[in-house]
S.K.: 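Quick one: structure below, then a few questions.
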Amino acid sequence: MEPKHYSIFSDIVYFIKYFHKYEPILLLLCAAEIVLGTFIPLIGIYLPKITLDLVIQGANVWHAMMVLGLFTLMMISVRAVHALASAGKYHLYNSQRVNQVGLLFLKSLRIPYPYTESGDMKKVYWKAFESLQWGDWSASSRMVTGTVGITVNILCFLLYSGVIGMLNVWLLICLTVLAFLNYLINLGQIRYEESLRDEKAQANKHYYCVLNSMGNVMGAKDIRIFGMSHWLICLRDIVLDENRRVNWKIYKKRSLYEKLGFLLSFARDMGAYGFLLWRAFLGTVSASEFVLYFGAVTGFSGFVTSIMNNLSELREAANSADYLRTYMELPEEKLHSGTRHIEELDMPIEIKFENVSFSYCDASEEVEENDGKKEEVSPIFEHLSLTIHAGEKIALVGVNGAGKTTFVKLLCGMYDPDEGKILINGIDRNEFPREELYQLFSVVFQEQLILPFTVGENLTLQKEDTVDTERAWDALEKAGLKSVFEEKGVHLDSFMTKKLVKDGVELSGGQQQRFMLARALYKDAPVLILDEPTAALDPIAESEIYNDYSKYSGGKTSLFISHRLASTRFSDRIVLFEDGKNIESGTHDELMGQNGKYAEMFRIQSNYYNSKQAEEGVSGYGYTVDE
């Protein structure tokens, strides 16, 4: 998905509104810098005129010193205040970049979940993030400096135009027309470089991909073992050549435009100076007026060039800001809309999928559809109907890609079905506020989220002062981690990971999954969902979790997803998914008796484990083959 493109003026208004909300003092400092920045050049061209007038008029020394002293003092004061305003502005807009990064992250938590999984939206997010990471070259920083700069230069351009107009209106018109032509030349350069933006971005993407890969020490073993050095060097040369080609095209065109701009500026300035000298020889302008007009013509040329540079700066900043604004203006998840409340529900709850159809389509298509039609995609579920009865323990099994995890996302309300309904105790789940709906589920996902916070905060995902200590240790004990933590002297206020503290708690893969289980047990929601909870555990630890599964799920409606079919024997019912369809359902013994797909998968796994037991002399993995 391409970001929305906004005009420069629209971006300026956007950032003015942003700073008015979060840093209004910055706008005052910018206003002061604009006023003073416009005043300083004006004093600069009038001071020589006043000096000459004093000399020509034969003013006495004290009078001349007083006048010039006042002007000098005024200039020093104005420059000092201008410098203070500029420094204060610089500090504020740079410090606000940190706030903008935080707002961007918080926005990612409020948008509908499909956007967070969208590949296109992830790219927009990281482009938006990068636009705030370039220091003085960041989008927001350059929008501030560019806006202040172009405003000052336009005001100075107008004031100097007034001065030149007093000399000759036709000279002003000629200079303005030539300045406009110079603007068109610069605009052509900007547009040409914009036309190569995607090509340059692709070249940079390839370059940084190779650069990061070659600098990744984790690949050092593979590079040596597989002899990748020569190949990587060739790849580096290819991407460097790709970058050179793009940069050479930009350089050639930029050089041409710069030469045209220089010739036009030279002709403009020489014509203006020639006219001014001619008027001086005719005696129609005094010496002091000559100095004033000469300074005005010189400044006029400089302001035109500065306006072009400011426009180029703002255009580049706007290109980066497009990603930031596109992401920040995404619709947000409606957490509080709904007419029913979960307090109405009797526990344990029943969940029913009624004729549900669902397919993944990129979330970006919902923001910008092609000709009003969504791209055709293969459905994950077609008219799926399944009931999880109140208090029932369901085991959901199937090969990779069967739709098990997608089923969980639909069940938890992260996605909405394309067709059909998902009912909770007979009530359409969309009638409940999404915020309340999430409270019904304790889930152990396949991905582990461990943050550089304390054990207690990671376990409860709440602030440290709200952690229920007794309940937290009870959850850790049930998950088999309490004794491990006690042996290592780990407390609830111990920090996890070594990202912020050097002695942070690091967990193995299996311990991380146990910690995720403890997190789900601490929440103690009415529905317990375990999505591949034993994937990183050894067989003995896996057997222990299976044996405790009934205790964890007592009085709850629970769903257990696993590739290891031994887990199914601890469930009330087993549901086998294949290609998004519920093809078999029943207890372990019933499905083995049907001698269908489940029985076939179970035998294959059983034969593998039995052969491993024979080879390694292991007495068992917590279950036996039982057909």
S.K.: Going through the distances and angles, do Asp241 and Arg236 end up as a salt bridge (charged side-chain N to carboxylate O under 4.0 Å, His left out)?
M.R.: CA-CA 8 Å; Asp241 186 59; Arg236 178 205 63 187; over 6 Å; no
S.K.: Which atom pair, heavy atoms only, marks the closest approach of Pro331 to Tyr115?
M.R.: CG-OH, 3.5 Å
S.K.: Indicate yes or no: does Lys463 engage Glu457 in a salt bridge with an N to O separation below 4.0 Å.
M.R.: no
S.K.: Between the side chain of Ser86 and the main-chain N/O of Ala83, is any donor-acceptor distance below 3.5 Å?
M.R.: no
S.K.: Can you list every pair that meets ring-ring contact (aromatic ring centres under 6.0 Å, His included) and has a residue in residues 140-161, with sequence neighbours left out?
M.R.: Phe157-Phe300, Tyr160-Phe303
S.K.: Are the side chain of Lys498 and the backbone of Gly504 linked by a donor-acceptor contact shorter than 3.5 Å?
M.R.: yes
S.K.: How far apart are the closest heavy atoms of Pro41 and Cys156, and which atoms are they?
M.R.: CG-SG, 3.8 Å
S.K.: How long is the gap from OG on Ser141 to OH on Tyr90, to the nearest 0.5 Å?
M.R.: 8.0 Å
S.K.: Can you check whether Leu132's main-chain N or O pairs, donor with acceptor, with Arg97's side chain at less than 3.5 Å?
M.R.: yes
S.K.: For Asp136, is there any backbone N or O sitting under 3.5 Å from a side-chain donor or acceptor partner on Asn94?
M.R.: no
S.K.: For the residue pair Ser320 and Arg142, confirm or rule out a side-chain donor-acceptor distance under 3.5 Å.
M.R.: no
S.K.: State, with a plain yes or no, whether a side-chain heavy atom of Arg79 is found less than 4.5 Å away from one of Ile76.
M.R.: no
S.K.: Are Ser255 and Glu258 linked by a side-chain donor-acceptor pair shorter than 3.5 Å?
M.R.: no
S.K.: With the side chain counted from C-beta on, respond yes when Phe290 and Leu277 share a heavy-atom pair under 4.5 Å apart, and no when they do not.
M.R.: yes
S.K.: List the atom pairs, donor and acceptor, that lie under 3.5 Å between side-chain atoms in residues 164-175 and the rest of the protein, sequence neighbours left out.
M.R.:
| from | atom 1 | to | atom 2 | distance (Å) |
| --- | --- | --- | --- | --- |
| Asn168 | OD1 | Trp170 | N | 2.8 |
| Asn168 | OD1 | Leu171 | N | 2.9 |

S.K.: Shortest non-hydrogen contact from Pro417 to Leu410?
M.R.: N-CD2, 3.9 Å
S.K.: Determine yes or no for a side-chain-to-main-chain donor-acceptor pair under 3.5 angstrom, with Lys107 supplying the side chain and Met328 the backbone.
M.R.: yes
S.K.: Go through the side-chain N and O atoms of Arg244 and Asn247 and say whether any donor and acceptor fall under 3.5 Å apart.
M.R.: no
S.K.: Between the side chain of Asn458 and the main-chain N/O of Leu451, is any donor-acceptor distance below 3.5 Å?
M.R.: yes
S.K.: Heavy-atom distance under 4.5 Å between the side chains of Asp11 and Ser7, does that happen here?
M.R.: no
S.K.: Taking atom types as modelled, is there a side-chain donor on Thr406 or Tyr360 under 3.5 Å from an acceptor on the other?
M.R.: yes
S.K.: Given Lys89 and Leu92, is the side-chain contact (heavy atoms from CB on, under 4.5 Å) satisfied, shown in steps?
M.R.: CA-CA 5 Å; Lys89 176 202 72 177; Leu92 291 178; 6.0 Å; no
S.K.: Verify, without hydrogens or angle tests, whether Arg315 (side chain) and Ile8 (backbone) share a donor-acceptor contact under 3.5 angstrom.
M.R.: no
S.K.: Can you see whether Gln133 engages Ser138 through a side-chain donor-acceptor pair at a distance of less than 3.5 angstrom?
M.R.: no
S.K.: Using only heavy-atom distances, determine whether the side chains of Tyr93 and Glu23 contain a donor-acceptor pair under 3.5 Å.
M.R.: no
S.K.: Tell me whether His5 at atom NE2 has more than 12 heavy atoms from other residues, nucleotides or ligands lying less than 6.0 Å away.
M.R.: yes
S.K.: To the nearest 0.5 Å, how far apart are CD1 in Ile111 and CD in Glu333?
M.R.: 9.5 Å
S.K.: Measure from the side-chain N and O atoms of Ser10 to the backbone N and O of Tyr6, and report whether any donor-acceptor pair falls under 3.5 Å.
M.R.: no
S.K.: Which heavy atom of Val163 sits nearest a heavy atom of Leu292, and at what distance?
M.R.: CG1-CG, 4.0 Å
S.K.: Got a second to check how far Leu181's CG is from Thr176's OG1, nearest 0.5 Å?
M.R.: 11.0 Å
S.K.: Which residue, Tyr125, Phe129, Phe105, forms the ring-ring contact (aromatic ring centres under 6.0 Å, His included) with Tyr327?
M.R.: Tyr125
S.K.: Examine distances only and state if a side-chain atom of Ser77 and a backbone atom of Leu73 form a donor-acceptor pair shorter than 3.5 Å.
M.R.: yes
S.K.: Evaluate side-chain contact (heavy atoms from CB on, under 4.5 Å) for Met121 paired with Leu330, printing each intermediate quantity in order.
M.R.: CA-CA 10 Å; Met121 283 302 167; Leu330 287 175; 3.6 Å; yes
S.K.: Check step by step if ring-ring contact (aromatic ring centres under 6.0 Å, His included) holds for Phe294 and Tyr273.
M.R.: CA-CA 7 Å; Phe294 192 90; Tyr273 293 144; 4.7 Å; yes
S.K.: Check the surroundings of atom OH in Tyr415: do more than 12 heavy atoms from other residues, nucleotides or ligands lie under 6.0 Å from it?
M.R.: yes
S.K.: Identify the two heavy atoms, one from Asp418 and one from Ser359, that lie closest to each other, and give their separation to 0.1 Å.
M.R.: OD2-N, 2.8 Å
S.K.: Could you grab the distance from atom CG of Leu104 to atom CH2 of Trp126, nearest 0.5 Å is fine?
M.R.: 9.0 Å
S.K.: Would you check if Ile45 and Tyr293 make a side-chain contact, meaning some heavy-atom pair closer than 4.5 Å?
M.R.: no
S.K.: Check Val297 against Ala272 and note the closest heavy-atom contact, atom names and distance.
M.R.: CG1-CB, 3.4 Å
S.K.: Would you compute the distance between atom CD1 of Ile34 and atom NE2 of His82 and round it to the nearest 0.5 angstrom?
M.R.: 9.5 Å
S.K.: Looking only at the aromatic ring of each residue, does the gap between the centers of Phe281 and Trp278 stay below 6.0 angstrom?
M.R.: no
S.K.: Quick one: side chains of residues 13-21, donor-acceptor pairs under 3.5 Å with protein atoms, not counting sequence neighbours, listed by atom name and distance.
M.R.:
| from | atom 1 | to | atom 2 | distance (Å) |
| --- | --- | --- | --- | --- |
| Tyr18 | OH | Gln96 | OE1 | 2.5 |
| Tyr18 | OH | Asn99 | ND2 | 2.9 |

S.K.: Is it true that atom CE of Met74 has more than 12 heavy atoms of other residues, nucleotides or ligands lying nearer than 6.0 Å?
M.R.: yes
S.K.: Can you confirm whether more than 12 heavy atoms, excluding those of Arg110, are under 6.0 Å from its CZ atom?
M.R.: yes
S.K.: Could you check whether any side-chain heavy atom of Met496 comes within less than 4.5 Å of a side-chain heavy atom of Thr454, counting everything from C-beta outward?
M.R.: no
S.K.: Can you measure from CG (Leu256) to OH (Tyr192) and round to the nearest 0.5 angstrom?
M.R.: 10.5 Å
S.K.: Please confirm whether the backbone N or O of Pro112 pairs with a side-chain atom of Thr116, one donor and one acceptor, at under 3.5 Å?
M.R.: no
S.K.: Indicate yes or no: does Glu117 engage Lys409 in a salt bridge with an N to O separation below 4.0 Å.
M.R.: yes
S.K.: So do the side chains of Met66 and Trp62 get within less than 4.5 Å of each other, counting heavy atoms only?
M.R.: no
S.K.: So that I can tick it off, tell me whether Lys4 and Asp322 are bridged by a salt bridge, with the cut-off set at under 4.0 angstrom between side-chain N and carboxylate O.
M.R.: no
